[in-house]
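The figures here come from the full heavy-atom set of this structure, side chains too, leaving out hydrogens, waters and symmetry mates. Below, read A as the first sequence line, B as the second, and so on, with proteins coming before strands; counting in each chain starts at 1.
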Number of protein chains: 2
Amino acid sequence: MGSDTAPRHPTLADVAARAGVSASTASLAFSGSGPVSDATKERVLAAAAELDYAGPDPRARSLRRGRSGIVGVVLEERVRAAFLDPVKIRTLDGIAEGIAPLGAGLLLFTDAGDGDAPVSIENAPVDAVVLIGCSPRLDASVEALRRRGIPTVAIEGAPGSEIPEITIDNEQATRRGADYLHHLGHRRVGIVTLPFDADRTRGVVTDDLVARATTAVTLERLAGARSVFPDAPAIAAAGSSIEEGREAARPLLDLPAVERPTAIIAQSDLLAAGVIRAAEERGLTVPGDLSVLGFDGIRVDGLQHDLTTLDQPSADKGRAAGEAVVRMLAGEAPESVAFTSTLHIGDTTAAPRTA
Amino acid sequence: MGSDTAPRHPTLADVAARAGVSASTASLAFSGSGPVSDATKERVLAAAAELDYAGPDPRARSLRRGRSGIVGVVLEERVRAAFLDPVKIRTLDGIAEGIAPLGAGLLLFTDAGDGDAPVSIENAPVDAVVLIGCSPRLDASVEALRRRGIPTVAIEGAPGSEIPEITIDNEQATRRGADYLHHLGHRRVGIVTLPFDADRTRGVVTDDLVARATTAVTLERLAGARSVFPDAPAIAAAGSSIEEGREAARPLLDLPAVERPTAIIAQSDLLAAGVIRAAEERGLTVPGDLSVLGFDGIRVDGLQHDLTTLDQPSADKGRAAGEAVVRMLAGEAPESVAFTSTLHIGDTTAAPRTA
DNA sequence: CTGAAAGCGCTTACAG
DNA sequence: CTGAAAGCGCTTACAG
């Protein structure tokens, strides 16, 4: 017990001292952004090597420069949930591609609303942010980022805010799918929806739930379905997963045969896969006894059907968001981008048996 | 043109001034980590609200505190490539789960070797790092992180380094699969491998290539296969993808029928799927004309077969790495973890026709 | 409970 | 080409 305890890592000042130059000069030697003689530069680098100096501290550098070189991606809910959702993965893939010119890192975190977490919307050291997906907390997030002065772009669901949005035609696309079911002869149709709000309330979709909804995507797809089937009963799931779809389908499928829907419109492919599973568990065949329409256009692992669905360009959306970030960071004005989904007719829809 | 141009964001000092307290007190009011009277705290918060202050700057905070609250994940090659690889996705998922107690963000970047990029191994503002997967540049990465004093754990492929490793039984598992093929009666077996080095050299695997290899996983799986089939010809792919597998299978499948392998051992499921596609393009049936063994245990999108493969616990590996990070950050000594893969017998392997 | 001071490690005008 | 100085915005002992 005597001298220094923790073996402190060397700093630029240490390197400068050893090289016999000023800190400014040492800094220049590292950044290369100034006139330094080759001899001096060599001396600094040699000193750094001798001290096992790892290079300028990124924390100090980013404080001083005001930029961190990091682009944030804000996911709703837990980060790991996103890794289980093929749509999110494809979107992330697109973002990574879009921001590639930046050489920036991608910081993933959530808008769980905990501003005290080490990394959150309120305090993440990011130069720009992409908000992904229909988060109920979106308004608060956008506001927090505005206060921080951080360029932001939202993928889906920031209606009314000032930030650029990357969207798809949720309502029109769903209407197109619903129209198709209608043309096939379906009249009793059920809907399985994504969550409406931060609480992710499960169960029958009431007027009240709709009125208090904060998730634009859910509302838009619901409106599209109801524009064709105004009275279609809807059940809200708590998220986009096969299991949630299976649960949500229950009240619809357990109705007496004469009341049971002949078709179900699901707001995501994973939900649709759950609906199909629920139907098959009850001995119903798809599309014989029940037609099922999805949304997304992903391939669902293990699903034996070619799902009829609205194919949306997830990766394109991500890339557009990434490119918007690059533009904003360059001081340009980014623009919102709207993509279009296409109806893919698979083998999970057919005319109803009793048509 | 006169006064201030850029509408500077308010700082803690501004808030303190407006609240009529010192910066120290204002800081305390925000962090909550000190004794401040309720009245003062309220005054500070009110001043902050009036100034639209967004809270302490994370860059300054992390410089001062010495921690960023960010865990880095280093991927080989481009970030977006990882989003296309199911094994990586499952591993990331596991890491996210493992570090959940930290509330930390996950910063994804690559070890592309460009230390001048805004975010790289040399300068990423991270508290700890997980190196994922068999990177040829691993040694350099580990060394850079050691110099920076950043706790590091490697998933696969850091033999000989001082850092904890999360591994699986690559050699033994592959040997188990090869044994199974041998028992089925196969004697002419080909191998399609992952890359051996940073160059990702494609083509016939020569002794020279093996001698210069820097990717442990590739070598271990190769050794496992050759322990059963010492003379098996091997073709290296440039990555783990269906297309690479398809290409790599070509020289093996284009041999005259009497020399053509009756079975191919692929070092990943994606490569195996490519091998199967290549076989079917040539009118060969699997497993009738060719048995195919994979590695990973993922479901390959669009593959009509139930692949015989070595099922490895990717998510578990990620979680173990995340937990190791949490332990290191808590000052505990982490330990290496070795997982075991299991042989899954699907419908892509059978006795050879000429057995 | 509150304030003055130092300092985290670097970069950037500004002189020379 | 090089150096002295200021400051990025905060937090943390240390006094009081």
Reckon [X] touches a base, only the sugar-phosphate, or nothing at all at heavy-atom distances under 4.0 Å?
| X | answer |
| --- | --- |
| S27(A) | base |
| S62(A) | nothing |
| S24(B) | base |
| Y53(B) | sugar-phosphate |
| T40(A) | sugar-phosphate |
| P35(B) | base |

Below 4.0 angstrom from OP1 or OP2 of [N], is there any side-chain N or O of [X]?
| X | N | result |
| --- | --- | --- |
| T11(B) | dC8(D) | no |
| R59(A) | dC10(C) | no |
| R61(B) | dG9(D) | no |

**OP:** Among dG3(C), dT2(D), dT12(C), find the nucleotide with the atom closest to the side chain of S22(B).
**Re:** dG3(C)

Specify the separation, in whole Å, of atom [atom1] of [X] and atom [atom2] of [N].
| X | N | atom1 | atom2 | result |
| --- | --- | --- | --- | --- |
| R43(B) | dC1(C) | CZ | C1' | 12 Å |
| L12(B) | dT12(D) | CG | P | 12 Å |
| D14(A) | dC10(C) | CG | P | 9 Å |
| H9(B) | dC8(D) | NE2 | P | 15 Å |
| D57(B) | dC8(C) | CG | C1' | 13 Å |
| R67(A) | dT11(C) | CZ | C1' | 16 Å |
| E122(B) | dG9(C) | CD | P | 20 Å |
| D38(B) | dC1(C) | CG | P | 9 Å |

Subject >> Base paired to dC14(D) (Watson-Crick or G-U; both N/O distances under 3.5 angstrom) >> reply: dG3(C)

Subject >> Side chain R59(B), main chain A60(A), donor-acceptor under 3.5 Å >> reply: no

Original post:
Do the side chain of H9(B) and the main chain of R147(A) share a donor and acceptor less than 3.5 angstrom apart?
Top reply: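 Yes, because the side chain of H9(B) sits within donor-acceptor range (under 3.5 Å) of the backbone of R147(A).
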
**OP:** Taking the side chain as every heavy atom from C-beta outward, state whether D127(A) and I150(A) have any atom pair closer than 4.5 Å.
**Re:**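 They are not in contact (no side-chain heavy atoms under 4.5 Å apart), so the answer is no.
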
**OP:** Could you check if a side-chain atom of L107(A) sits within less than 4.5 angstrom of a side-chain atom of V119(A), using non-hydrogen atoms only?
**Re:**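 Sidechains of V119(A) and L107(A): in contact.
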
Original post:
Considering all heavy atoms of both residues, which atom of E165(A) and which atom of S336(A) are nearest to each other, and what is their separation?
Top reply: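 Between these two residues, the closest heavy atoms are N-OG, 2.9 Å.
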
**OP:** Starting from the 5' end of DNA chain C, give me the residue, R65(B) or G20(B), whose nearest nucleotide shows up first.
**Re:** G20(B)

Original post:
So which one's nearest nucleotide on DNA chain C is more toward 5', L28(B) or R64(B)?
Top reply: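 The residue mapped nearer the 5' terminus is L28(B).
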
**OP:** Measure the OG1-CD distance between T152(B) and E162(B) for me, rounded to the nearest 0.5 Å.
**Re:** 12.0 Å

